2 protein chains.
Amino acid sequence: MVSEERRVRILAVAKRLGYRPNLMARAIQTGRSHIIGVSVPPIGDFGSRMVCGIHEVLVVSDHLPLLHWRTPDPSADPERIRSAELAVVNALLDYRVDGVILFPADDWVLDLHFRELHRRGVPLVTVDRQLQQVAADFVGTDDRYGARLAAEHLLALGHRQVAQLAGAMSYGTYADRSDAFEETIRSAGGTCVTLEKPALSELAGTIFQTNRLLDSRPRPSAVFLAHDHLASGVFAAAAARGLQIPRDLSVIGFADLAHAALLHPPLTTVRQDTEAIGRRAADLVLRRCLGQEIGEPVRLRLVPELIVRASTASISQGRE
Amino acid sequence: MVSEERRVRILAVAKRLGYRPNLMARAIQTGRSHIIGVSVPPIGDFGSRMVCGIHEVLVVSDHLPLLHWRTPDPSADPERIRSAELAVVNALLDYRVDGVILFPADDWVLDLHFRELHRRGVPLVTVDRQLQQVAADFVGTDDRYGARLAAEHLLALGHRQVAQLAGAMSYGTYADRSDAFEETIRSAGGTCVTLEKPALSELAGTIFQTNRLLDSRPRPSAVFLAHDHLASGVFAAAAARGLQIPRDLSVIGFADLAHAALLHPPLTTVRQDTEAIGRRAADLVLRRCLGQEIGEPVRLRLVPELIVRASTASISQGRE
DNA sequence: GTGAAAGCGCTAACAT
DNA sequence: ATGTTAGCGCTTTCAC
């Protein structure tokens, strides 16, 4: 140990000279950059809050997020998208990040895709999408539980003939929601017609599918949406044929985006705590960096919460 | 020059071995980390889009944003907040970022606050808030022009007795909006009563001030909001006294947040292109890094755009 | 054109 | 307890 007096004096001089350690130089030596690569586009409610959660945890642990995400590629060729994603991860690696938090483009990348990460011993945590074939940690939402919440809410209101507008089944997230919802409805003796929404967030597509849903006989008294985003389209389609929400049709979403509460009527939905997902992901990646949390990939699914608003109502009111 | 054949062979071997240059090591040598420190919280519509714009430009120029913002401090002591901000900038500096993009906490920091940046020759670009006493580049919105746009819109609709709910005048942004709005109204022969909103985004405070505005005689037929955020409160206050928008009161905002279009009625507002602000800021900081763009601090104010929706209407309809 | 050597700012492993 | 040295992975300079 150095003597206390010396220590103080040195520190004083250092400050007077305006000395600041060069973390790059330190990183090169210690092999720890204290930088975490974050490939989560801070777009919309979802990504923003995730990034905030990540930042919050990293900062208190003396780390910083280096942001880099795939620039959206209209050519929906999955192979191109994947290789773009790989390029992003590798770029992050070039900066010698200690770990990577990734919101993957899809669920079906192969493990060897991330060979470079493994070779370097850099931990990978994916958020929201769980990679099937990759040995990586994962933090997301308990989609099955959330869908069950939605189904039970509808059942409790007396709905038996229901429908759902599902997301692309190629994403585990949407498959889980759809599956668990249908199962819950069925096992309570209800019927559920499921339609898949081709590409998310296309208003026209949503309206088209909603119309098909509303044409099925008997007409469903409630509809579960794979994502809040779809609500505007569903509301529009319902309004177009003079159906009132929730009197003629109950609608329940998933996510609880900021705009859900602003819709007319405000949307009942299943709330994901996105910020918490970010926090847990950061936590995990940090723990892996410290060499704790060894062994099998961790799969964390945070419990969502039912937020009842005005877009769902008891079936007894009026019709049927 | 190396011979072409050798070059190709070397590169091939490098790839086979999975060689990736260590950018940290390179940075330490060249003095360029190719990292830009970004202190813009990606929160809400505003920060998110700004960060996206920044990212977009940085990436194509082979740079990456290192994110680090001040964690919001409820103790509104300006001195504490400033020193927290300084700490953030210094932390960024420790990573040897090539430049800094900052969304400042307030407009009144002194130049010596950023001494460390100057000493190191690290360029600073502030967004949205222009630091009065600091020799830094700035990219923001032409607030005066935007406010004039709003005023002229109202005037064109026939409004002469108008009001505004202004933001805290300690921010240049809000002072400019308020001032230019009032001036435009006045010089057209109208009258304008101005009330300052104590702390932004407090619903109760907004409602209270709106009530005061609506109590003034003659009652204003239109109100200009320093920020879209205030709209919910104003709408609520108007509804509470049975006033219909826009029939009894026209409302115009500033920003064009995503929720503006979702309000009932949809909010007429002045749109800032936040993403473009981010892009220009990144552009500027990059140029400074290259040593171009020498000399006086650049002050860029992007031209906003009037978005007419349903919350404003001609005064001729009905009253007065 | 190519190889060797110095050095960037630091840490870690040694001596003293 | 303190001082010295080697070396992290790169770029730059200067011989060859």
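Quick caveat: nothing in here was measured; it's all calculated off a predicted structure. Per chain, numbering begins at 1; letters A, B, ... match sequence-line order.
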Inset, instruction - Taking Watson-Crick and G-U wobble pairs with both distances under 3.5 Å, convert DNA chain D into its dot-bracket string, 5' to 3', dots for unpaired and | for cross-strand pairs. - result: ..||.|||||||||||
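Taking atom CG of A:N22 as the reference point, atom C1' of D:dC8 lies 13 Å away to the nearest angstrom. One can place CD1 of A:I28 at 12 Å from C1' of C:dT11, the figure rounded to the nearest angstrom. Residue B:L93 contributes atom CG, which lies 15 Å from atom P of C:dG9 at whole-angstrom precision. Counting to the nearest Å, the P atom of C:dC8 and the CZ atom of B:R32 are 18 Å from each other. Atom OH in B:Y95 sits about 19 Å away from atom P in C:dG9, given to the nearest Å. Going from atom CG of A:L23 over to atom C1' of C:dC8 covers 15 Å, rounded to whole Å. In this structure, B:M24 places its CE atom 18 Å from P of D:dC8, rounding to the nearest Å.
The list of salt bridge (Lys or Arg N to Asp or Glu O under 4.0 Å) pairs with a residue in residues 11-26 of chain A, not counting sequence neighbours, reads A:R20-B:D94.
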Pull out every protein N or O sitting under 3.5 Å from an N or O of nucleotides 11-15 of chain D, one pair per line with the distance.
| from | atom 1 | to | atom 2 | distance (Å) |
| --- | --- | --- | --- | --- |
| D:dT11 | OP1 | B:R26 | NE | 2.6 |
| D:dT11 | OP1 | B:R26 | NH2 | 3.2 |
| D:dT11 | O2 | B:Q29 | NE2 | 3.3 |

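B:R301 and B:D143 are joined by a salt bridge, as a carboxylate oxygen and a charged side-chain nitrogen come within less than 4.0 angstrom of each other. For the pair B:D283 and B:R287, the salt-bridge criterion is met [side-chain N within less than 4.0 Å of a carboxylate O].
Contacts of A:W108 classified as ring-ring contact (aromatic ring centres under 6.0 Å, His included), with partners at least two apart in sequence or in another chain: none. Under the rule for a side chain to side chain contact (heavy atoms under 4.5 Å, CB included), A:V60 has no partner lying at least two apart in sequence or in another chain. For A:D107, the salt bridge (charged side-chain N to carboxylate O under 4.0 Å, His left out) test picks out no residue, with sequence neighbours left out.
Spacing of P atoms, D:dA1 relative to C:dC10, comes out at 24 Å, to the nearest Å. Of the P atoms belonging to C:dG9 and D:dT2, the separation is 25 Å, rounded to the nearest Å.
Ring-plane geometry between B:H68 and A:H55 is classed as tilted, the angle between the planes lying from 30 to 60 degrees on a 0 to 90 degree scale.
Judged purely by atom type and a 3.5 angstrom limit, A:D45 uses its side chain to pair as donor or acceptor with the backbone of A:A258. For the pair B:H113 (side chain) and B:R82 (backbone), a donor-acceptor distance under 3.5 Å is present.
Using a 4.0 Å heavy-atom criterion, one finds that A:R20 contacts the sugar-phosphate atoms exclusively.
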